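This structure is a prediction, so every number in the text was calculated from the model and none was measured.
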Amino acid sequence: MFKSIRMKITVLFVLLMASIELIIGLSGILSSVRYFHNTFDEAVSNVFNSDTKELLTDAATAVSVSETETELVMNESGPDNIKKIADIVNVHANELGLDRSAIFCVLDSAGTVEYSSCGSDVIESSPVIDAALAGEENRNTAVTHRYIDYALPLKSGDNVRYVVYIKDTLSTQKAVSDRLIKNLITELLFSLIAAYIAATILASAMTRPIKKITKQTMQLADGEITSLPESEREDEIGELSNALFYLSELRREHADKTTSEKIKLEKILQSMSDGIMAFDMKGKLIHINPEAKRLLNRKFVDDIMFNTFFKEINLDDVTLEAMQYMPTDDFEREVHINGQMLQFNFTVYSRDSSEGGIIVIVHDVTKHERLESARRDFVANVSHELRTPLTVIKSYADILADTPDAKPEIRTRFLDTISSETDRMTKIISDLLTLSKLDENANYTRPVDDIDIRAMLEGLVERLSLTAKKKNQSLTYTPINDVPKIPGDRDGLERAISNIIINALKYTPSGGEIHVFSSNVYNDILIKVSDNGIGIPKEQIPHIFDRFYRVDKARSRDKGGTGLGLAIAKETVESAFHGKITITSDLNKGTDVTVSIPTQKK
C-alpha cells in the first residue's frame, strides 16, 4: 500500500497538516493558560505593593485607646481590624478578579477564617497558607496546579496577626480552555478532510509527470527503449533514478571529454603566434583568434563572411564555390594588407559533410620578405660594386697585354687606373669586413680608451681641411661646452664621424660650408655635422643607412662612394656606444647629421 508515491505523499501531507493544526491549537490553549496565570501574578504584584502592605499591616495592628487617671488601657477590637483589612482589599476587587473566579479570605494566626468573600468559613488547606502562617509571603502560579493562590502575613512585631489569602479557582480559564479544545477538534477534522483531498490531487499531479519523464529520459539516453536493471525501489522514484543515473553518467563522460578538449584547443589557438580563422561550409566565421584580429586589423568580426572578406583583400579567386572543386584540400595565397605581406593557408575539412568547414591560417611573412629582399639586394650590390673595378682592371690589363709596345705614358696611365680600381676594391672589402665585425659585436673585442671628444674632432677637422680646401669649402669645428671623456673604441668612433664628415664634403658643392659642433646635454654627448649641400629627398631619408644605398648611384660612384660609410657609422654608434644617429635634410638646402652618445655616470 505504502510503496506508491501517491499514497506516501497523501499520508505525509495529512500528517503534516494535522501536526500543524495540533501545534497551533495547543499553542493557543497554553497561551490562554499562561495568560490567566500571568494576569493573576501581575494583579497580585500590583495590588500588594509596599504601600498596600503597609496599610494592611496598620489595619491589622490598630487598637482603641481609653484614658484613666493613671494609665492607658488598650483593648483589642478584632472585628474592626478585619473589616478594615477587607475594605482595603475590596477596593481592588475588580483588579484581583474577586467578582469572577477568585475569592478573598482573612485568616487569624491559627488559620481560622475570619472573613471570606464567598461567605464560607472553611478554606481548603494550601502550602501557601502554611507558609504565610509561618511568617513568609508566598504565592503559587504554576500552570500544572488546578488553582492559583497568594497569601500575605500581617505581623505585629514578630507575630503573625492575620493572613490575607487570595485564591483563583481558574473556573474562567477552564471554560475558555474547554471551548478552545472543542474548536480545535472541529477544525482538526475539517483540516484532515481538506488535507486528504488536496494531497490526493497533488500526489496524482506529481506521479504522472514522473512516469512520463522517466520514459523520455530513457529514450534520450539510449535512443531506443531498452530494458535496464530495475532499481531496488519499486516506486516511481526508483524508475526515475535509474533513468537519470544512466543518462547523467553518459552525459558527464561526454561533457568532460568535450570540455577538456575544448579548453585545450582554445588555449592552443589563443596562444598561437599565427592567426587562425575557421568558417563553416556556408561561409560564416565561427572562430578567430586574437593574432588573426591583430594581423587583419579587425576589431569587429561578426560581419565577416568567406566570399566577401577575401574579395575585399583582393583574393578574388578564393571563393566557397572554388573550394568545393579544388583538386587538393590545402593551398596558399599571399597578399599585401596594411603594409604587411600576409600568407593565407587554406585547409578544407569534411568537404562532403554538413559538419565540414574551412580552416585559414594567417602568417605574417613581412619580415621574412624584407630580409630576403635585403639579402638579394646586398648580394646584387656587392657583386655590382666588385664587378665594376674588376671589369676596368681586366680591360686595362688585356690592353697592356695585347700592346707590348705601348708608349710609356700610356702604360703608366693604365697601371695607375688598375692601381686605383684595386684600392677601391680593397676599400669595399675592408668596409665589408668592418660591418661583419660590427654585426658580430658579441665576439668582436674592441680596445677601450678614454676618448677625448674635443681632441678627436679637432684632429679630424684638421686632417680633412685639406680636402675641403681643394673644393674651396669651409670646414670648421665649434665646441658648444665642455664634453666629458668617455670610454670606448676610439678608432671606431673616429671612423664613424670621419665617414659622416667625408659624406658632407662629397655632397656639398664648391664654396659650401660644413660645420662640426659638440656639446654635453644632460646625460648625452651630441656631435652634429651640418652642411649646406645638395640635401636628401625626404622619402629616401629612412633608407640612407642601408648598405650600398645611394641617393644618386651614378654620381656617388663618380665621387668614390661605396654606400657603406653611413651603415658603418650607424652600426658603430649603436653597437659600441649604445647611441643613435639622426638625419634631417632639405633638398638643395643642406643636411644635419646628429650623433647622440649617452655618458656613463661615475
### Query
Centre of Y150's six-membered ring, under 6.0 Å away, within 45 degrees of the axis: is that where NZ or CZ of K167 sits?
no
### Query
Can you tell me if T61 uses its side chain to pair, donor with acceptor, with the backbone of T57 under 3.5 Å?
yes
### Message
Nearest 0.5 Å, please: how far is OH in Y115 from CD1 in I85?
### Response
11.5 Å
### Query
What residues, two or more places apart in sequence or in another chain, satisfy side chain to side chain donor-acceptor pair (under 3.5 Å) together with D524?
none
### Summary
dist I286:CD1 -> I304:CD1 (nearest 0.5 Å) comes out at 13.0 Å
### Task
Answer yes or no: is there a side-chain heavy-atom contact under 4.5 Å between R161 and K155?
no
### Query
How far does CG of N314 sit from CZ of R333, to the nearest 0.5 angstrom?
13.5 Å
### Message
Treating T599 as the side-chain partner and N523 as the backbone partner, does any N or O pair qualify as donor plus acceptor under 3.5 Å?
### Response
yes
### Minimum heavy-atom distance H336-M341, with the two atoms named
NE2-CE, 2.8 Å
### Query
Can you name the nearest heavy-atom pair linking A86 to F104, along with the distance?
CA-CE2, 3.8 Å
### Task
Give the minimum heavy-atom separation between L342 and F344, together with the two atoms involved.
CB-CE1, 3.9 Å
### Query
Once you round to the nearest 0.5 Å, how far does CD of E291 lie from CG of D274?
7.5 Å
### Message
Return the CZ to CD1 distance between F279 and I288, rounded to the nearest 0.5 Å.
### Response
7.5 Å
## Note on the structure
Nearest heavy-atom approach of A132 to P153 is O-CB, 3.3 Å
### Query
Where the side chain of S126 meets the backbone of V128, is there a donor-acceptor pair that is under 3.5 Å apart?
yes
### Message
Against V164, only a single residue in I88, L154, L107 fulfils side-chain contact (heavy atoms from CB on, under 4.5 Å); can you say which?
### Response
L154
#### Entry: Beyond-backbone contact of F306 with V318, side-chain heavy atoms, under 4.5 angstrom
yes
### Query
Closest approach of H287 and L285, non-hydrogen atoms and distance?
O-CD1, 3.3 Å
### Task
First locate atom OH of Y162, then atom CG of L133, and finally report the distance between them rounded to the nearest 0.5 Å.
13.5 Å
#### Entry: Backbone of L295 reached by a side-chain donor or acceptor of Q340 within 3.5 Å
yes
### Query
With no hydrogens and no angle check, is any side-chain donor or acceptor of N140 less than 3.5 Å from a backbone partner on D149?
no
### Query
Does a side-chain heavy-atom distance below 4.5 Å link S109 with N159?
no
#### Entry: Selection residues 126-139 - residue pairs positive for salt bridge (Lys or Arg N to Asp or Glu O under 4.0 Å), sequence neighbours left out
D41-R139, K53-E137
### Query
With a 4.5 Å limit on heavy-atom distance, are the side chains of I166 and I103 in contact?
no
#### Entry: Backbone N/O of I276 and side chain of N289: donor-acceptor pair under 3.5 Å
yes
### Query
Any side-chain heavy-atom pair from F310 and V335 closer than 4.5 angstrom?
no
